[in-house]
Amino acid sequence: MSYRLIVENGRAKRGRLSTVHGDIETPCFMNVATVGAIKGAVSSDDLLSIGTQVVLSNTYHLHVRTGDELIKKLGGLHSFMGWKGPILTDSGGFQVFSLAEMRKIKEEGVTFQSHIDGRRIFMGPEESIRIQSNLGSTIAMAFDECPSSKADRDYVKQSVERTTRWLVRCRDELERLRSLPDTINKEQLLFGINQGAVYDDIRTEHADIISAMDLDGYAIGGLAVGETHEEMYHILDITVPRLPRNKPVYLMGVGTPVNIIEAVRRGVDFFDCVYPSRNGRHGHAYTHHGKMNLKNQAYEEDLRPIEEGCDCPCCRSYSRAYVHHLLKAKEMLAMRLLVLHNLHFYNHLMEEIRAAIEEGNYDEWADKTIERMTENLP
RNA sequence: GUGGGUAUGGCGCAGUUGGCUAGCGCGCCAGAUUGUGGCUCUGGAGGCCGUGGGUUCGAGUCCCACUAUCCACC
């Protein structure tokens, strides 16, 4: 279990994280499968054909529906969903704050109501890690609080301090569980999460504190939640250099292709975002020339593939006009084809990013690619 | 044929006792969406109110005729 830096190009890193479920070439985009499935009728087999390296599932969602204990009993998440590669599980912290109602935050953890059936659930660091251990994911995320980007300074400060105390408890609990005989993944990794909203000093101080804990990786959370792109890039500029250079860095929930290219430039290794899958379900396709809305009338008679030269399962066989028709007819196949195209696009974008770093011309490649992506589509 | 009902944007409907630029849902045309509730939100286009006449300062609204359509009866 190790992260190795292969090539550096400015702050951009080309690395490899070796895990029990295989190597992850970084920078890497994790494909979001919240409840153990990519939404849009995409199977684990499909993922092999579109270059997926890592799947991301969610602690909160799997706990409130189906249940982590049942999944453990059935052999763990990997065998349950038929995916042999790495899985990262998000801790549920974000969902507790974004989905659940009537939550009460205390030092021990958070009491909230399930968005499924309204029942009261308590989740703290130990509960989150126990669930993630039951799921047997490759990488577990620390249980954190994601304060609103509009939260005032005093609140953010005390929230971040609590998140740090929760991180210590997460680490201790994972260490305890890893040594138990019936634990599914005894090599489970733990990433800590940096918070601090848009307050520079809280961000950097917190980065320093968690860096000293020698975790398997570090995430930056609480970004892309309402602040501007400039604010987000600024937080990366001041935070990433405080995190260990020889550990993977994960920017949570980000983002657009341009966001990712810019964040790699600032030293980020891991990404995840619902855009390719959610926007795919809603009719949007990502390309090297920007995002297109296939529902638009402009594509009604367009027999070209979504992107010339793309070898995804959609572009190989179907036209924009056909996808447009499927969307109008509300056929499930439209969602499936667009999600496959978008994830293929993201996964292969990361390949291009890795190649550019290896070739030593990342900045130049990034500028040129961003320019192309912000053109207006035909 | 007789009696009754209904005619308002593509579809389904609201429109007070006649009173300002005639509304709503769906659809259509666009735009948002960043650690996912197969959503949601925000804009926009589109109507000589079935036709013709009348009453009135003023008619989608009241009156007459016609046309179309629905229901019941013969």
Side-chain angles (χ1 to χ4, degrees), chain A residues 29-42 54-62 64-65 87-101 113-118 128 132 137 139-147 149 163 191-195 217-229 231-233 250-260 262-263 268 270-284 286 290-300 324 327-336 338-339 342-343 346 376-377:
Chain A
F29 180 79
M30 300 186 280
N31 293 197
V32 180
T34 302
V35 296
I38 307 274
K39 290 185 189 293
V42 172
V54 186
V55 157
L56 181 148
S57 283
N58 189 273
T59 299
Y60 170 94
H61 286 281
L62 289 172
V64 298
R65 179 123 65 191
I87 298 176
L88 179 143
T89 40
D90 190 15
S91 66
F94 185 83
Q95 287 64 40
V96 165
F97 297 101
S98 65
L99 289 181
E101 290 182 20
Q113 276 192 299
S114 158
H115 72 278
I116 301 291
D117 57 9
S128 173
Q132 296 184 74
S137 62
I139 302 168
M141 295 304 300
F143 186 75
D144 65 335
E145 178 184 349
C146 179
S149 62
T163 287
F191 282 17
I193 304 174
N194 170 262
Q195 290 288 356
Y218 292 89
I220 297 169
L223 290 180
V225 288
E227 81 286 358
T228 65
H229 283 176
E231 284 176 303
M232 176 168 84
Y233 297 146
Y250 163 28
L251 177 55
M252 306 186 80
V254 174
T256 65
V258 171
N259 288 157
I260 289 174
E262 289 292 359
V268 177
F270 280 86
F271 299 88
D272 80 278
C273 187
V274 302
Y275 271 167
S277 43
R278 179 196 283 161
N279 283 339
R281 292 200 307 281
H282 299 161
H284 294 224
Y286 288 89
K291 189 178 74 167
M292 57 171 76
N293 183 352
L294 269 302
K295 278 194 256 188
N296 289 1
Q297 207 167 36
Y299 303 111
E300 195 173 38
H324 173 84
L327 284 165
K328 289 292 176 188
K330 299 188 191 300
E331 276 300 328
M332 194 156 54
L333 182 58
M335 290 193 276
R336 178 175 149 76
L338 283 170
V339 172
N342 285 344
L343 290 178
Y346 267 71
N376 279 330
L377 289 159

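By convention in this document, chain letters (A, B, ...) are assigned in the order of the sequence lines, proteins followed by strands, and residues within each chain are numbered from 1.
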If you measure from the P atom in B/C26 to the same atom in B/A68, how many Å do you get, rounded?
35 Å
Regarding A/G92, tell me which of base, sugar-phosphate or nothing describes its non-hydrogen contacts under 4.0 Å with the strands shown.
nothing
Which whole number of Å gives the distance between the P atom of B/G10 and that of B/G46?
12 Å
As a test of reading the structure: which of B/G37, B/G35, B/U34 is closest to the side chain of A/C146, going by heavy atoms?
B/G35
CD/A/Q297 to NE2/A/H324 distance, rounded to the nearest 0.5 angstrom?
6.5 Å
Between B/C24 and B/G44, how many Å separate the two P atoms, rounded to a whole number?
11 Å
B/G23 and B/G5: how far apart are their C1' atoms, nearest whole angstrom?
24 Å
For the atom pair CG (A/L343) and CE (A/M30), what is the distance rounded to the nearest 0.5 Å?
13.0 Å
Residues in contact with RNA chain B, drawn from residues 30-37 of chain A - heavy-atom cutoff 4.0 Å:
A/V32, A/T34
Stacking here means centres under 5.5 Å and planes under 30°; does A/H282 stack on B/U33?
no
Canonical and wobble pairing (Watson-Crick, G-U, under 3.5 Å) of RNA chain B, dot-bracket with |
(((((((..((((.....[...)))).(((((.......))))).....(((((..]....)))))))))))).
Looking only at heavy atoms, what is the nearest atom pair of A/V254 and A/A224, with distance?
CG2-CB, 3.7 Å
Can you tell me the distance, in whole Å, between the CG atom of A/N259 and the P atom of B/U34?
11 Å
How close do A/V258 and A/Y233 get, counting heavy atoms only, and between which atoms?
O-OH, 4.0 Å
Consider only side-chain N and O atoms of A/N279 and A/Y286, and report whether a donor and an acceptor are under 3.5 Å apart.
yes
Grab the CG-C1' distance between A/L88 and B/G35 for me, whole Å please.
9 Å
Roughly how many Å apart are B/C28 and B/A65, using the P atom of each and rounding to a whole number?
43 Å
Looking for any heavy atom pair under 4.0 Å, which part of the strands does A/M332 touch: base, sugar-phosphate only, or nothing?
base
Please give, in whole Å, the distance from B/U34 P to A/L56 CG?
16 Å
What is the distance from NE2 of A/H61 to C1' of B/G35, rounded to the nearest Å?
10 Å
In whole angstrom, give the distance that lies between atom CD1 of A/I87 and atom P of B/G35.
19 Å
Taking any heavy-atom pair under 4.0 Å as a contact, classify A/L251: base, sugar-phosphate, or nothing.
nothing
Between A/Y346 and A/N31, do the side chains contain an N or O donor and an N or O acceptor separated by less than 3.5 Å?
no
Does A/H284 reach a base, just sugar-phosphate, or nothing at all? Heavy atoms under 4.0 Å.
base
Would you indicate what A/Q195 reaches in the nucleic acid, counting non-hydrogen atoms under 4.0 angstrom: base, sugar-phosphate, or nothing?
base
Establish, with yes or no, whether the OP1 or OP2 oxygen of B/C39 is under 4.0 angstrom from a side-chain nitrogen or oxygen of A/K330.
no
Is the gap between the ring centers of A/F271 and A/F29 under 6.0 Å?
no
Determine whether a donor-acceptor pair (one donor, one acceptor, N or O, separation below 3.5 Å) exists between the side chain of A/Q132 and the base of B/G35.
no
Tell me what A/N58 touches on the nucleic acid: a base, only sugar-phosphate, or nothing, going by heavy atoms under 4.0 Å.
sugar-phosphate
Main-chain N/O of A/I193 paired to A/Q195 side chain as donor or acceptor, under 3.5 Å
no
If the P atom of B/U55 is compared with that of B/U17, how far apart are they to the nearest Å?
25 Å
What does A/G222 touch in the nucleic acid at a heavy-atom separation under 4.0 angstrom: a base, only the sugar-phosphate, or nothing?
base
Nearest heavy atom decides the nucleotide; on that basis, is A/Q297 or A/F94 closer to the 5' end of RNA chain B?
A/Q297
A/R278 CZ to B/U34 C1': how many Å, rounded?
8 Å
What I want to check is whether an N or O donor and acceptor connect the side chain of A/N293 with the base of B/G31 at under 3.5 Å.
no
Which one, B/U33, B/G35, B/G37, comes nearest to the side chain of A/N279?
B/U33
Whole angstroms only, please: what is the CG-P distance between A/L327 and B/C39?
13 Å
Does a side chain donor of either A/Y60 or A/D90 reach within less than 3.5 Å of an acceptor in the other side chain?
no
Identify which nucleotide among B/U33, B/G35, B/U34 has an atom closest to any side-chain atom of A/H229, counting heavy atoms from C-beta outward.
B/U34
Please test A/N342 against A/Y275 for side chain to side chain donor-acceptor pair (under 3.5 Å), starting from the C-alpha separation and ending with a verdict.
CA-CA 9 Å; A/N342 285 344; A/Y275 271 167; over 6 Å; no
When you check the side-chain N and O atoms of A/S137 and A/Q132, is any donor under 3.5 Å from an acceptor?
no
Would you give the length of the straight line joining atom OH of A/Y299 to atom CG of A/N293, rounded to the nearest 0.5 angstrom?
7.5 Å
Nearest-nucleotide pick for A/D90, side chain only, options being B/C28, B/G35, B/U33:
B/G35
Looking for any heavy atom pair under 4.0 Å, which part of the strands does A/N296 touch: base, sugar-phosphate only, or nothing?
sugar-phosphate
Could you tell me how far apart A/I220 (CD1) and B/G35 (C1') are, to the nearest whole angstrom?
13 Å
A/K328 side-chain proximity, nearest of B/U34, B/C29, B/G35:
B/C29
Determine the Euclidean distance between corresponding C1' atoms of B/C13 and B/G53; express it in Å to zero decimal places.
29 Å
Please measure how far the C1' atom in B/G27 lies from the corresponding atom in B/U21, and state the result in whole Å.
25 Å
